[in-house]
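Beneath this line is the structure, given in structure tokens, with notes to follow.
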Amino acid sequence: QVQLVESGGGLVQAGGSLRLSCAASANMFSINAMGWYRQAPGKQRELVAGISNNGSHTKYVDSVKGRFIISRDNAKNTMALQMDSLEPEDTAVYYCNADPPIATMSHGAYVEIWGQGTLVTVSS
């Protein structure tokens, strides 16, 4: 079974930093591109940062460029998101997953698999 476990979230003042970690199933690494997603209250979940299967290529949504760094360690089946200069607008639940998200068949339809996420709250 695919497992996605996020950690590292918390409450931080604007301008502060957090480092998020993701532990995933071994068979997801080395093969799949991965990414960090976030969902703010009342908004759709979005891909914040992505990384290729071997870590050679990364991408970021414009709003976090220069502030966030995504990385992965395929040998340890882990991924991280270093977040610096946090802003209140970064407040959201953060999730890790494959890019595009992995899906499985459930009740006759493909459903994306997500972990519980980790909450990041940035105060002003």
Side-chain angles (χ1 to χ4, degrees):
Q1 182 178 12
V2 173
Q3 292 183 319
L4 296 164
V5 182
E6 301 92 345
S7 62
L11 175 63
V12 65
Q13 293 271 9
S17 299
L18 285 173
R19 183 176 178 85
L20 307 184
S21 296
C22 170
S25 301
N27 58 10
M28 291 185 65
F29 280 80
S30 298
I31 299 174
N32 297 314
M34 301 289 290
W36 282 97
Y37 302 75
R38 70 183 181 188
Q39 186 167 26
K43 297 183 179 180
Q44 189 174 14
R45 182 154 44 203
E46 65 172 346
L47 179 67
V48 177
I51 187 167
S52 61
N53 58 6
N54 63 2
S56 63
H57 299 279
T58 60
K59 60 182 180 181
Y60 302 89
V61 68
D62 287 345
S63 61
V64 308
K65 287 182 178 178
R67 300 189 298 116
F68 291 9
I69 299 177
I70 187 172
S71 62
R72 67 190 295 166
D73 186 338
N74 289 347
K76 297 181 179 180
N77 305 316
T78 58
M79 184 171 63
L81 183 68
Q82 178 65 44
M83 306 185 296
D84 297 326
S85 301
L86 284 163
E87 304 170 353
E89 292 74 20
D90 295 318
T91 295
V93 177
Y94 285 71
Y95 304 85
C96 64
N97 212 326
D99 178 21
I102 192 169
T104 188
M105 182 67 75
S106 179
H107 294 90
Y110 284 107
V111 179
E112 294 178 348
I113 299 174
W114 297 92
Q116 294 184 349
T118 185
L119 176 63
V120 172
T121 302
V122 184
S123 65
S124 60

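For the side-chain contact (heavy atoms from CB on, under 4.5 Å) test, residues two or more places apart in sequence or in another chain that qualify with Val120 are Leu18, Leu20, Met83, Tyr94, Val122. Qualifying side-chain contact (heavy atoms from CB on, under 4.5 Å) partners for Gln116, counting only residues two or more places apart in sequence or in other chains: none. Qualifying side-chain hydrogen bond (donor to acceptor under 3.5 Å, both in side chains) partners for Glu87, counting only residues two or more places apart in sequence or in other chains: none. Checked against side-chain contact (heavy atoms from CB on, under 4.5 Å), Asn77 has the following partners two or more places apart in sequence or in another chain: Ala26, Phe29. Ser63 pairs by the side-chain contact (heavy atoms from CB on, under 4.5 Å) definition with Arg38, Val61, not counting sequence neighbours. With sequence neighbours excluded, the residues forming a side-chain hydrogen bond (donor to acceptor under 3.5 Å, both in side chains) with Ser17 are Asp84, listed by chain and number.
In terms of heavy atoms, Tyr110 sits closest to Ala103 at CB-CB, 4.4 Å. Looking at every heavy atom in both residues, Ser85 comes nearest to Arg67 through O-NH1, 3.0 Å. In plain terms, the two heavy atoms of Ala14 and Ser124 that are nearest each other are CB-CA, 4.4 Å. Here the shortest heavy-atom pairing between Ala49 and Leu47 reads O-CD1, 3.4 Å. Met79 and Cys96 make their closest contact through CE-CB, 3.4 Å (heavy atoms, listed as atom of the first residue, atom of the second, distance). Contact between Ser106 and Val111 at its shortest, heavy atoms only, is CB-CG2, 3.9 Å.
With hydrogens and angles ignored, the 3.5 Å screen pairs a side-chain donor or acceptor of Asn97 with a backbone N or O of Ile113. One N or O on the side chain of Tyr60 and one on the backbone of Ile70 form a donor-acceptor pair closer than 3.5 Å. Counting only distance, with no hydrogens or angles, the side chain of Ser25 and the backbone of Gln3 share a donor-acceptor pair below 3.5 Å.
For the atom pair CG of Leu86 and OG1 of Thr91, the computed distance is 8.5 Å after rounding to the nearest 0.5 Å. Taken to the nearest 0.5 Å, the OG1 atom of Thr121 stands 6.0 Å off from the CG atom of Leu11. If you take OG on Ser52 and CZ on Arg72, they are separated by 7.0 Å, rounding to the nearest 0.5 Å.
Met34 and Tyr37 fall into different hydrophobic clusters, defined by Ile, Leu, Val, Met, Phe, Trp and Tyr side-chain heavy atoms under 4.5 Å apart, directly or through other members. Under the 4.5 Å side-chain contact rule for hydrophobic residues, Trp114 and Leu81 do not share a cluster. Linking Ile, Leu, Val, Met, Phe, Trp and Tyr residues whenever their side-chain heavy atoms come within less than 4.5 Å leaves Val5 and Val2 in two separate clusters.
Contact annotation: the side chain of Arg19 approaches that of Ser71 to within less than 4.5 Å [non-hydrogen atoms, C-beta and beyond]. With a 4.5 Å cut-off on side-chain heavy atoms, Tyr95 and Pro101 do not count as touching. No side-chain heavy atom of Asn32 sits under 4.5 Å from any side-chain heavy atom of Asn53. With a 4.5 Å cut-off on side-chain heavy atoms, Glu6 and Val93 do not count as touching.
Separation of the Phe68 and Trp36 ring centroids does not fall under the 6.0 Å cut-off.
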